[in-house]
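Structure first, commentary second.
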Amino acid sequence: MSLPGKTAVITGSNSGIGLGVARELAKAGANVVLNSFTDRDEDHALAAEISQETGTKARYIKADMSNGDECRALIEKAGACDILVNNAGIQHVAPIDQFPVEKWDAIVAINMNSAFHTMAAALPMMRRAGWGRIVNIASAHGLTASPFKAAYVAAKHGVVGMTKTVALETAQEPITCNAICPGYVLTPLVEAQIPDTMKEYNMSREDVIKNVMLERQPSKAFATVEQMGGTTVFLCSDAAAQITGTTISVDGGWTAL
Ligand code: NAD
């Protein structure tokens, strides 16, 4: 219980890594704000379940991270934001000359621009509270590239750059800003890439997993959402108070290649 009394806002957290991060932060004692663009009973039920399991306060707030005003409104509605985890993200796989413009715009807006808006809105609250932690969920694709992912790679490199800039702007304050760069984690986002990649490479599902996805992950194992949550909790701990402006790869050795 290292984070009692802290409020954490996790964007895109009704599924996958965001939900895993929210659960680990709540287990560490933080009150959590879950988010996505939907407003379904099951979204609110996830928050209720986390509250029940951890005894912390958990809420779900609808906000579309493709819209800058809604990104800022999410932080305002949360009322407090000691810990900000920018996690919302989407993917689309296509060669650049066939990349749909609307997919490019959506990926850049959700995966990168949203972090600009939420950080701009959250920093004044962190300054008033005298403490803050920003954790941006980037990607191994924030440090390296793969074919057919131009928008995603551009957006994630942008997130890593923005992380360094915000770290420098807050370097003399009790606020840190870092990025986690996951390798492949088996979540709905990754699941959704399998059919397109099967088509692109004319491969079976098993071969896509082994020879395309985990081909570049030397551990040959998917990373887990719990590991992303644990790394986030570490970055929020006192031990990490002087860690800022950096990336932590949780990628089974991908970026060591
Ligand atoms: P996911 O599809 O399970 O989760 C994405 C989350 O973002 C969902 O909660 C979804 O509702 C939310 N989201 C999507 N569009 C949104 C919008 N417009 N407004 C608000 N929320 C929105 O995928 P995931 O794998 O858990 O991905 C989470 C993050 O981790 C993404 O930024 C992704 O790029 C990054 N990442 C994932 C992997 C991986 O292998 N899964 C690897 C590296 C980085």
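One-based numbering, in listed order, for ligands and for the atoms of each.
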*Angle class for the Tyr60/His44 ring planes (parallel below 30°, perpendicular above 60°, tilted otherwise)?*
perpendicular

*What protein heavy atom sits nearest atom 19 (N) of ligand 1, and how far off is it?*
Met65 N, 2.8 Å

*asked:* Taking 4.0 angstrom as the limit and counting only heavy atoms of Pro188, give me the atoms of ligand 1 inside it, by number and element.
replied: 3 (O)

*For residues Ile90 and Ile107, determine if any side-chain heavy atom of one lies less than 4.5 Å from a side-chain heavy atom of the other.*
yes

*Any N or O of Gly18 that comes nearer than 3.5 Å to an N or O of ligand 1?*
no

_Per-atom contacts, ligand 1 versus Ile90 - under 4.0 Å to a heavy atom_ = 14 (C), 15 (N)

*Please state which protein non-hydrogen atom is closest to atom 3 (O) of ligand 1 and give its distance, to 0.1 Å?*
Ser15 OG, 2.6 Å

*Ignoring angles and geometry beyond distance, decide whether Ile17 reaches within less than 3.5 Å of ligand 1 through its nitrogen or oxygen atoms.*
yes

*Do ligand 1 and Gly12 have nitrogen or oxygen atoms that lie under 3.5 Å from each other?*
yes

*asked:* Just to verify, which of Trp104, Phe148, Phe99, Tyr152 counts as forming a ring pair (Phe, Tyr, Trp, His ring centres under 6.0 Å) with His92?
replied: Phe99

*Return yes when atom CD of Glu42 has more than 12 non-hydrogen atoms of other residues, nucleotides or ligands closer than 6.0 Å, and no otherwise.*
yes

_Are any of the N/O atoms on Ser36, whether in the backbone or the side chain, positioned under 3.5 angstrom from an N/O atom of ligand 1?_
yes

*From Val21, Thr38, Ile180, Thr187 - option closest to atom 24 (P) of ligand 1 by heavy atom*: Thr187

*Hey, does Lys156 sit under 4.0 Å from ligand 1 if you only count heavy atoms?*
yes

*Provide the number and element of each atom of ligand 1 under 4.0 Å from a heavy atom of Asn14.*
8 (C), 9 (O), 10 (C), 11 (O)

*Write down the atom of Asp82, the atom of Met126, and the distance for their closest heavy-atom approach.*
O-CE, 3.6 Å

_Close-contact set for ligand 1 against Ala63 heavy atoms, below 4.0 Å_ = 19 (N), 20 (C)

*What atoms of ligand 1 come closer than 4.0 angstrom to any heavy atom of Val190?*
39 (C), 40 (O), 41 (N)

_Nearest-contact summary for atom 18 (N) of ligand 1 - protein heavy atom, Å_ = Asp64 OD1, 2.8 Å

*Any idea which protein heavy atom is nearest atom 22 (C) of ligand 1, and the distance to it?*
Phe37 CD2, 3.6 Å

*Just jot down the ligand 1 atoms closer than 4.0 angstrom to any heavy atom of Ser13, in number order.*
9 (O)

*Please report the closest heavy-atom contact between Pro182 and Ile180, naming both atoms and the distance.*
CD-O, 3.2 Å

*Nearest non-hydrogen protein atom, atom 28 (C) of ligand 1*: Asn87 OD1, 3.2 Å

*Taking all non-hydrogen atoms of both residues into account, name the closest pair between Thr255 and Ser249 and its distance.*
OG1-OG, 3.4 Å

*Can you tell me the protein heavy atom closest to atom 42 (C) of ligand 1 and the distance?*
Gly183 O, 3.0 Å

_Any non-hydrogen side-chain atom of Val225 less than 4.5 Å from a side-chain atom of Thr187?_
yes

*Heavy atom under 4.0 Å from ligand 1: found in Asn35's side chain, backbone, both, or neither?*
side chain

*asked:* So is Ala138 touching ligand 1 or not, going by heavy atoms under 4.0 Å?
replied: yes

*Which atoms from ligand 1 have a heavy atom of Gly16 less than 4.0 Å away?*
3 (O), 26 (O)

*How about Leu34 and Asp43: do any of their side-chain heavy atoms sit closer than 4.5 Å?*
no

Sequence neighbours excluded and cut-off under 3.5 Å, please list the side-chain donor-acceptor pairs for residues 65-75, or say none.
from: Ser66; atom 1: OG; to: Asp64; atom 2: OD1; distance (Å): 2.8
from: Ser66; atom 1: OG; to: Asp64; atom 2: OD2; distance (Å): 3.2
from: Asn67; atom 1: OD1; to: Asp69; atom 2: N; distance (Å): 2.9
from: Asn67; atom 1: OD1; to: Glu70; atom 2: N; distance (Å): 3.0
from: Glu70; atom 1: OE1; to: Asp64; atom 2: N; distance (Å): 2.7
from: Arg72; atom 1: NE; to: His117; atom 2: ND1; distance (Å): 3.0
from: Arg72; atom 1: NH2; to: His117; atom 2: ND1; distance (Å): 3.3

*So is Tyr184 polar-close to ligand 1, meaning N/O to N/O under 3.5 Å?*
no

_Flag side-chain contact, heavy atom, 4.5 Å: Val212 against Glu200_ = no

*Val166 side chain near Leu123 side chain, heavy-atom distance below 4.5 Å*: yes

_Quick check for you: to the nearest 0.5 Å, what is the distance between Lys156 atom NZ and Asn111 atom CG?_
5.0 Å

*Please name the pair of heavy atoms, one in Tyr184 and one in Gln193, separated by the smallest distance, quoted to 0.1 Å.*
OH-OE1, 3.9 Å

*Please report which non-hydrogen protein atom sits nearest to atom 36 (N) of ligand 1, along with the residue it belongs to and the distance in Å to one decimal place.*
Tyr152 OH, 3.5 Å

*Would you mind checking which non-hydrogen protein atom is closest to atom 27 (O) of ligand 1, with the distance to 0.1 Å?*
Leu189 CD1, 3.9 Å

